Amino acid sequence: MSVVTRFAPSPTGDLHLGHVYAAKVAHDLARDAGGRFLLRHEDIDSGRVKPEFYRRIEEDLEWLGLRWDGKILLQSERREAYKDALKTLKTMGLAYPCFCTRKDIQAALSAPHDSDAAIYPGTCRSLSIAETNDRITTGEAYAWRFHAEKAAQIHGDLSFRDLRFGKIRVDTSVNGDAVLSRKDIGVAYHLAVVVDDQFQEITHVTRGEDLLGATHIHRQLQAILGLREPLYLHHALVRDEHGKRLAKRDAARSIRILREQGYSPDEVLAMSQVS
Ligand code: GLU
């Protein structure tokens with residue numbers, strides 16, 4: 001099997017050392033195996049995307065010597081594919097309209113600490129078809145949510161393999177009925193990522209361990225939509241001196257700034273380490 005990996009940043013800011021590490025893991029895994037390393041801009045969230053960052057991200061990767069193969073995939077050009085996947089889920093009765101606002105969801109969760117986990121309490125799952133249709137007709141905005149339990153009844157026991165954590169059984173309660181299609185942009189991360197990993201023929205999905213939970217629903221979606229199962233590698237995260245994961249707001253660690261300060265690509269690559 002030829003190895004295909006991808007780096008999938010969102011063009012909402014400059015790359016920082018955490019991104020460099022993620023890109024390097026994907027790049028090296030592919031290169032060591034004589035495989036392909038692909039680039040995908042995860043740019044579905046049009047409100048947060050800033051046009052200058054596409055090129056800035058590409059330039060930083062080129063400067064670091066992390067060259068990708070082939071054409072860059074833009075999620076903003078893949079709306080039809082996401083719509084088709086959503087349609088399949090709707091036809092199977094595995095997606096339902098949800099009218100809840102963030103505030104409704106918080107109010108429905110009994111204990112305040114629940115809101116941190118943000119597991120949807122299922123409020124709209126049991127709406128009647130008549131009520132749903134009424135609310136749609138009156139122009140109320142809605143998202144589409146995944147009916148995780150009903151899906152589990154169809155696909156049965158599932159697991160995924162992670163090169164670091166081993167075999168993990170899929171647990172539908174990790175994500176609950178997550179959003180497949182947002183009110184504002186008509187798609188959401190979980191659906192877009194599985195559809196695109198299939199399209200780009202990704203064999204090894206490498207990404208930070210903060211996304212390990214997301215893989216539970218990704219495996220469910222892959223099983224239901226008949227998509228190939230990739231191998232996973234959820235790597236450790238680059239952290240600051242206080243042990244906090246880096247974020248885009250940590251401008252001081254952006255590759256741009258390090259470049260301007262005169263660091264070489266090798267020095268920057270060496271700085272993007274996990275402990
Ligand atoms: N776009 C995501 C991020 O920036 C990565 C998604 C993925 O690798 O599945 O963290």
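Note that the structure is a prediction, hence the values are computed from the model and not measured. Counting convention: from 1, in listed order, for ligands and their atoms alike.
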*asked:* Counting only nitrogen or oxygen atoms and a 3.5 angstrom limit, does Thr206 reach ligand 1?
replied: no

_Looking only at distances, can you tell me whether any N or O atom of Ala8, backbone or side chain, sits closer than 3.5 Å to an N or O atom of ligand 1?_
yes

*Lys/Arg N to Asp/Glu carboxylate O, Glu42 vs Arg78, below 4.0 Å*: no

*Can you list the residues that meet the side-chain contact (heavy atoms from CB on, under 4.5 Å) rule with Ser128, with sequence neighbours excluded?*
Ala130, Glu131

*Could you point out which residue of Tyr232, Phe146, Phe160 forms a ring-ring contact (aromatic ring centres under 6.0 Å, His included) with His216?*
Phe160

*Name all residues meeting the ring pair (Phe, Tyr, Trp, His ring centres under 6.0 Å) criterion together with Trp68; count only those two or more places apart in sequence or in a different chain, and write none if there are none.*
none

*Would you mind finding which of His190, Arg6, Arg40 brings a heavy atom closest to atom 7 (C) of ligand 1?*
Arg6

*Does even one non-hydrogen atom of Phe7 get within less than 4.0 Å of ligand 1?*
no

*Give the numbers and elements of all ligand 1 atoms closer than 4.0 Å to a heavy atom of Val193.*
9 (O)

*Which atoms of ligand 1 are found less than 4.0 Å from any heavy atom of Arg207?*
7 (C), 8 (O), 9 (O)

*Looking at His27 and Thr5, what are the two nearest heavy atoms and their distance?*
N-OG1, 4.4 Å

